[in-house]
Each structure stands twice: as C-alpha cells, then as structure tokens.
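Read through the structure below, which is laid out as structure tokens, and then see the notes.
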Number of protein chains: 2
Amino acid sequence: MFKDLDPLLHSQLRLAVMSILISAVEAEFVFIREKTNSTAGNLSVQIEKLREAGYISVEKSFKGKMPRTTCRITPEGIAAFEKYVEDLNSYLQKK
Amino acid sequence: MFKDLDPLLHSQLRLAVMSILISAVEAEFVFIREKTNSTAGNLSVQIEKLREAGYISVEKSFKGKMPRTTCRITPEGIAAFEKYVEDLNSYLQKK
DNA sequence: TAAACTAGTTTATAATATAAACCAAATATT
DNA sequence: AATATTTGGTTTATATTATAAACTAGTTTA
C-alpha cells in the first residue's frame with residue numbers, strides 16, 4: 001500500500017537540490033544556495049550526501065580566481081528522483 | 001520557489017496515517033498499524049504528535065473488553081494535508 | 001494459574017537536519 | 001600597503017526527529 005520513501009530524497013533541502021538539478025544541465029553551489037534559501041553549511045552537507053549516493057556529481061573549478069562548485073544530476077539520480085515521486089503518490093490520494 | 005513543507009506531515013509514518021484518515025471516516029489504531037506496517041510504539045508517538053497539532057482526534061473506548069483507539073482527521077488536518085500536497089508540488093516538476 | 005497474546009505507552013537510542021564556527025583566498029577600504 | 005570585509009565553501013557541534021526496545025495493564029487460552 002504505502003511505498004517506502006527513499007530517505008535520501010525525503011528531505012526538504014536535498015529534494016530541492018534534486019528538483020533544481022533535474023531541470024537544469026548543471027547548477028553552481030551559490031545558485032543552489034540562493035534558490036533553496038539555505039545556509040552554505042547545510043547545503044554543503046546535503047550535497048555531499050547526494051554525491052556519496054551517486055545521485056549527483058560535483059566538480060570543482062575556478063571562475064577567474066574564485067572557487068566554483070558545479071553540480072550535475074546523474075542517471076541514477078534521475079531514476080531515484082522519478083521513483084521517489086512515484087512512490088510519494090501512494091500517499092497523496094485525495095479524498 | 002520552494003515552499004516550506006509542514007514538518008509534521010513531512011514524515012513517512014505521519015503522512016501515511018494522514019493519508020489513511022483523509023479517505024476514511026475513522027480508523028482504529030490496530031488497522032493503521034497494519035496498513036502502515038509500523039510498530040505500535042512508533043505509531044503511538046506519531047499519532048500523539050498529530051493529535052497535539054490538532055490534525056486528528058483520538059477517542060478511546062472498548063470493543064467488548066479490549067481497549068480500542070479510534071482516530072479521525074479534523075478540518076485543520078484536512079487543510080494541512082491539502083496544503084502539504086500543494087506545497088510538495090513546487091518540488092516535483094518533471095524534466 | 002500460568003503462559004501467551006492484545007493494545008497500547010514510555011523511554012532510550014540512533015539517525016538526521018541544521019547552523020555555528022571555522023578556513024583560505026580574494027577583493028575592497030583607509 | 002596594511003587591514004577589514006566578502007566570497008565560497010567545509011567541519012563540527014547541537015538540536016530535533018524517528019524508531020524500536022522495554023514496559024504496563026489487562027485479556028484470552030491451555
């Protein structure tokens with residue numbers, strides 16, 4: 001009846017990150033922080049969790065002299081997100 | 001962009017409880033425990049949280065000699081659930 | 001009458017989310 | 001040119017949350 005929800009995605013901030021990345025080719029750390037209105041510390045931790053899980057890839061480079069962290073969703077990330085959305089539907093049947 | 005999700009509903013077990021109650025007039029503790037496949041302890045705690053928040057009402061009675069706990073969703077519970085589902089949609093836009 | 005079961009609650013622990021504190025380098029200020 | 005501030009993060013400490021284990025109170029069964 002109720003599908004188990006991927007605990008990695010059932011988190012407001014991580015879900016927001018995935019939501020951004022699923023509709024963008026890539027996104028920078030600062031952009032994601034602004035869009036999600038999160039603190040850098042929290043975002044850093046959650047991005048690392050998504051990366052560890054293989055849901056996103058993270059690339060570090062420089063924009064001029066300033067550091068830049070770029071995130072991309074992986075095929076596994078896309079699959080996990082789509083499964084999460086589907087599983088969620090088992091909970092959302094309206095009256 | 002991303003709406004804040006009601007933390008009381010953004011929990012797998014509590015969301016499942018609300019999902020059951022939104023489509024039933026009432027439901028007994030044991031029924032909910034079976035449907036959600038949860039332990040009694042966990043369910044007891046989560047039901048109390050929903051009750052405290054005013055999202056459900058809880059009535060204790062007897063079925064013969066055995067105790068029975070019956071739950072119902074309240075109008076505030078219905079409103080909160082519907083808002084949660086709507087807010088969730090800000091995260092679920094597909095590619 | 002003792003063992004096992006029912007229907008829960010309370011409490012201890014594990015997991016999680018979050019922000020505060022920190023770091024290194026770049027840029028702006030006096 | 002020194003120093004203050006800002007940028008772009010990471011690490012770590014704390015608060016919150018979820019969850020199951022342990023317990024309670026009573027009932028049914030052997």
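Chain letters run A, B, ... following the sequence lines, proteins first and then strands; every chain starts at 1. When reading the values below, keep in mind they use all heavy atoms of this one structure, side chains included, and skip hydrogens, waters and symmetry mates.
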Any Lys/Arg nitrogen of [X] or [Y] sitting under 4.0 Å from an Asp/Glu carboxylate oxygen of the other?
X: B:Glu28; Y: B:Arg33; answer: no
X: B:Arg72; Y: B:Glu59; answer: yes
X: B:Glu86; Y: B:Lys83; answer: no

Give a yes/no on whether any side-chain N or O of [X] is located under 4.0 angstrom from OP1 or OP2 of [N].
X: A:Thr39; N: C:dT18; answer: no
X: A:Arg68; N: D:dG9; answer: no
X: B:Thr69; N: C:dG8; answer: yes
X: B:Arg14; N: D:dA18; answer: yes

Hey, does [X] reach any base, or is it just sugar-phosphate, or nothing, if we go heavy atoms under 4.0 Å?
X: A:Gln46; answer: base
X: A:Glu48; answer: nothing
X: B:Ser11; answer: sugar-phosphate

Exercise. If you check every side-chain atom of A:Leu13, which of C:dA7, C:dT18, C:dA17 has the closest atom?
Worked result: C:dT18
Exercise. Which nucleotide in the list C:dA17, D:dG9, C:dT9 gets nearest to the side chain of A:Lys60?
Worked result: D:dG9
Euclidean distance, atom [atom1] of residue [X] to atom [atom2] of [N] [Å, nearest integer]:
X: B:Asn42; N: D:dA22; atom1: CG; atom2: P; result: 16 Å
X: B:Ile47; N: C:dT9; atom1: CD1; atom2: C1'; result: 12 Å
X: B:Ile32; N: C:dA7; atom1: CD1; atom2: P; result: 13 Å
X: A:Leu50; N: C:dT16; atom1: CG; atom2: C1'; result: 14 Å
X: A:Lys63; N: D:dT7; atom1: NZ; atom2: C1'; result: 11 Å
X: A:Phe62; N: D:dG9; atom1: CZ; atom2: C1'; result: 11 Å
X: A:Lys49; N: D:dT12; atom1: NZ; atom2: C1'; result: 13 Å

Seminar exercise, completed: Ranking B:Ala40 and A:Pro67 by the position along DNA chain C of their nearest nucleotide, the one closer to 5' is B:Ala40
Seminar exercise, completed: Comparing A:Val45 with A:Lys65, nearest DNA chain C nucleotide closer to 5' gives the residue A:Val45
Problem set entry | Polar side-chain atom of B:Ser44 near backbone of B:Ala40 as donor-acceptor pair, under 3.5 Å | no
Problem set entry | Side chains of B:Lys60 and B:Thr69, donor plus acceptor under 3.5 Å | yes
